Peer 1: 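My structure is below; once you've seen it, I'll send some questions.
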2 protein chains.
Amino acid sequence: MMAESTRRGVPEATVGRLPGYLRALTELAERGRPSVSSDELADLMGIRSAQVRKDLSSLGSYGVRGVGYDVARLSDQIAAELGLSQERPVVIVGMGNLGRALVAYGGLAPRGFQVVALVDNDPELVGTTIEGLAVGTFADLDPVRTPVAVGVVTTPASAAQQVADTLVGLGVRSILNFAPVVLRVPEGVHVRAVDLATELQILAFHEHQRLLADSRGDEAG
Amino acid sequence: MMAESTRRGVPEATVGRLPGYLRALTELAERGRPSVSSDELADLMGIRSAQVRKDLSSLGSYGVRGVGYDVARLSDQIAAELGLSQERPVVIVGMGNLGRALVAYGGLAPRGFQVVALVDNDPELVGTTIEGLAVGTFADLDPVRTPVAVGVVTTPASAAQQVADTLVGLGVRSILNFAPVVLRVPEGVHVRAVDLATELQILAFHEHQRLLADSRGDEAG
DNA sequence: CTCTGTGAATGTGTTCACAGCG
DNA sequence: CGCTGTGAACACATTCACAGAG
């Protein structure tokens with residue numbers, strides 16, 4: 001039956017899939033599905049069922065043998081693991097096109113993230129309003145009055161490190177970085193990087209390999 | 001000295017870092033640095049030097065012992081490996097905020113990607129111009145006249161699968177998906193997914209863990 | 001008889017540590 | 001010497017395959 005013992009240490013690879021499970025489970029719940037098998041979840045996620053079972057068992061979750069997982073229960077369990085019970089205040093720094101797109105993106109609020117501040121250093125932008133939120137400077141951000149859990153960096157690369165330093169100074173320990181630079185942060189601060197050009201280049205690599213393989217096949221065949 | 005033999009099979013994890021190396025090397029080249037050591041590259045990338053050496057040796061690249069890697073040579077080598085010698089035509093589907101932000105993003109052209117078409121199904125948008133490019137429908141896309149290497153999906157989740165199917169039908173074999181769904185594509189088509197909410201949830205997980213650790217530390221201490 | 005949970009096997013990635021080139 | 005290149009050790013992740021719960 002397994003006790004409270006196994007409970008610590010969800011593998012990082014599993015953590016990376018938890019949001020995906022949550023998404024799938026939310027959809028299933030909306031369709032009124034009471035339970036789901038590892039096979040079906042695997043199919044929805046594009047992975048194998050053994051992976052699903054390993055992942056979920058690492059949460060200490062209980063499925064029911066012969067039946068599957070209770071959709072609502074598993075949803076709650078994953079949400080709890082991700083710490084989504086509390087609202088997480090987000091500040092977005094850099095109100096260019098991307099920053100504005102993220103503010104307008106509707107997917108945050110329903111997942112427990114609330115954009116509480118917009119920051120830019122362009123005097124033309126400061127004081128304007130985007131999607132009902134005023135754009136300010138860092139000086140307007142009082143860490144006590146406006147606690148921030150996550151900082152999103154959408155500035156040009158040249159400004160990103162300084163912005164990260166400021167965020168860290170404000171007590172932010174999670175940063176999502178869209179600028180194409182490696183941010184240096186103190187131990188204990190988490191950074192995740194998202195970079196369009198990187199992603200495209202990885203895709204380009206695989207295209208290129210296919211081309212090489214094809215042309216070699218032509219010659220051989 | 002090693003011949004043309006080792007040349008095949010760059011590990012996927014290494015591929016994921018190649019764009020980063022390229023970025024670092026480009027900066028070094030701009031500063032006029034002729035060569036660089038694995039230690040310094042590692043520092044720029046936020047990884048360990050052994051990793052750098054393993055990665056670069058898997059390309060069959062030659063460093064010079066006692067000196068380091070020739071910046072220009074290594075740059076060329078990585079660019080070649082990524083297949084960046086040829087321009088890759090990109091189509092962006094979904095001209096919402098994110099789609100527009102990507103069109104306006106300046107980081108593509110200098111890295112060998114050219115946005116050749118913008119697609120949306122909103123009649124209000126079709127015919128308008130964004131950053132000098134006309135917005136059309138899929139019907140306007142002739143795969144012969146406008147070959148497309150990479151499709152970028154920035155539509156709502158509900159439309160993404162259908163868009164992916166259409167892209168695949170047009171011969172696209174690389175898709176960058178910003179919609180929060182798992183795309184089903186035939187064997188041989190590569191999909192990379194970027195999802196803001198997923199990234200934030202992963203950050204939230206680590207925040208949550210720290211909190212648990214802290215409170216457990218408090219009780220214990 | 002179905003589907004979970006999990007040890008064991010395999011595969012992949014990272015790090016160590018050092019031989020050996022320049 | 002200083003630095004690369006790489007086997008060997010280790011760590012992590014995935015997959016297999018099956019015992020056993022319901």
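Just the heavy atoms: all of them, side chains too, but no hydrogens, waters or symmetry mates, feed the values below. This one's a predicted model, so the numbers in the text were calculated from it and none came from an experiment. Below, chains carry the letters A, B, ... as their sequence lines are ordered, and counting in each starts from 1.
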Peer 1: Please report the distance, rounded to the nearest Å, between CD in Glu12(B) and C1' in dG11(C).
Peer 2: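 After rounding, the reported distance stands at 14 Å.
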Peer 1: Please report the distance, rounded to the nearest Å, between OH in Tyr62(A) and C1' in dT6(C).
Peer 2: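 Distance check: Tyr62(A) OH to dT6(C) C1' gives 16 Å.
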Peer 1: Between Gln51(B) and dT15(C), does any side-chain N or O lie under 4.0 Å from OP1 or OP2?
Peer 2: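 So the side-chain polar atoms of Gln51(B) do come within 4.0 Å of the phosphate oxygens OP1 or OP2 of dT15(C), strictly under.
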Peer 1: Given atom CG of Asp70(A) and atom P of dT4(C), what is their separation to the nearest angstrom?
Peer 2: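 Roughly 13 Å, once rounded to whole Å.
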Peer 1: Touch check for Arg53(A), heavy atoms < 4.0 angstrom, all strands: base, sugar-phosphate only, or nothing?
Peer 2: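 It contacts base atoms.
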Peer 1: Send over the distance from Asp39(A) CG to dC16(D) C1', rounded to a whole Å.
Peer 2: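 Rounding to the nearest Å, CG of Asp39(A) and C1' of dC16(D) are 14 Å apart.
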Peer 1: Between Glu27(A) and Arg23(A), does any NZ, NE, NH1 or NH2 come within less than 4.0 Å of an OD or OE carboxylate oxygen?
Peer 2: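 Salt bridge between Arg23(A) and Glu27(A), a charged N being under 4.0 Å from a carboxylate O: no.
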Peer 1: With a 4.0 Å cut-off on heavy atoms, is Gly63(B) in touch with a base, just the backbone sugar-phosphate, or nothing at all?
Peer 2: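 If one applies the 4.0 Å heavy-atom cut-off, Gly63(B) turns out to touch the sugar-phosphate alone, with no base involved.
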Peer 1: Can you check the Leu56(B) CG to dC3(D) C1' distance for me, whole Å?
Peer 2: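 Result: 13 Å.
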Peer 1: Round to a whole Å and report the spacing from CG of Asp55(A) to C1' of dT6(C).
Peer 2: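 About 13 Å, once rounded to whole Å.
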Peer 1: Strictly below 4.0 Å, N to O, side chains only: are Arg48(A) and Asp39(A) in salt-bridge contact?
Peer 2: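 Salt bridge between Arg48(A) and Asp39(A), a charged N being under 4.0 Å from a carboxylate O: no.
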Peer 1: Would you call Arg33(B) and Asp70(B) a salt bridge, taking side-chain N to carboxylate O under 4.0 Å as the test?
Peer 2: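 Judged by the 4.0 Å cut-off on N to carboxylate O distance, Arg33(B) and Asp70(B) do not form a salt bridge.
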Peer 1: Over how many whole Å does the gap from Tyr69(B) atom OH to dG2(D) atom C1' extend?
Peer 2: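 So the OH-C1' distance, Tyr69(B) to dG2(D), works out to 13 Å.
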Peer 1: Rounded off to whole Å, could you give me the OH-to-P distance for the Tyr21(B) and dT4(D) pair?
Peer 2: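 Going from Tyr21(B) (OH) to dT4(D) (P), I get 12 Å.
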Peer 1: With distance as the sole criterion, do the side chain of Lys54(A) and the base of dT6(C) form a donor-acceptor contact below 3.5 Å?
Peer 2: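 No pair found.
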Peer 1: Under 3.5 Å, is there a donor-acceptor pair between the Thr14(A) and Asp55(A) side chains?
Peer 2: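 Result is yes, a qualifying pair exists.
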Peer 1: Look at all strands and tell whether Ala50(A) reaches a base, only sugar-phosphate, or nothing, counting heavy atoms closer than 4.0 Å.
Peer 2: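 It contacts base atoms.
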Peer 1: Hey, which sits more toward the 5' end of DNA chain D by its nearest nucleotide, Ser38(B) or Val64(A)?
Peer 2: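 The answer here is Ser38(B).
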Peer 1: Check whether any side-chain nitrogen or oxygen of Arg48(B) sits under 4.0 Å from OP1 or OP2 of dG13(C), and answer yes or no.
Peer 2: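 So the side-chain polar atoms of Arg48(B) never come under 4.0 Å of the phosphate oxygens OP1 or OP2 of dG13(C).
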Peer 1: May I ask you to say whether Arg88(A) pairs ionically with Glu207(B), meaning some side-chain N is under 4.0 Å from a carboxylate O?
Peer 2: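 Glu207(B) and Arg88(A): salt-bridged.
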Peer 1: If you compare every side-chain N and O of Arg65(A) against the phosphate oxygens of dT2(C) (OP1, OP2), does one of them come in below 4.0 Å?
Peer 2: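 For Arg65(A), the contact criterion (side-chain N or O under 4.0 Å from OP1 or OP2 of dT2(C)) is not met.
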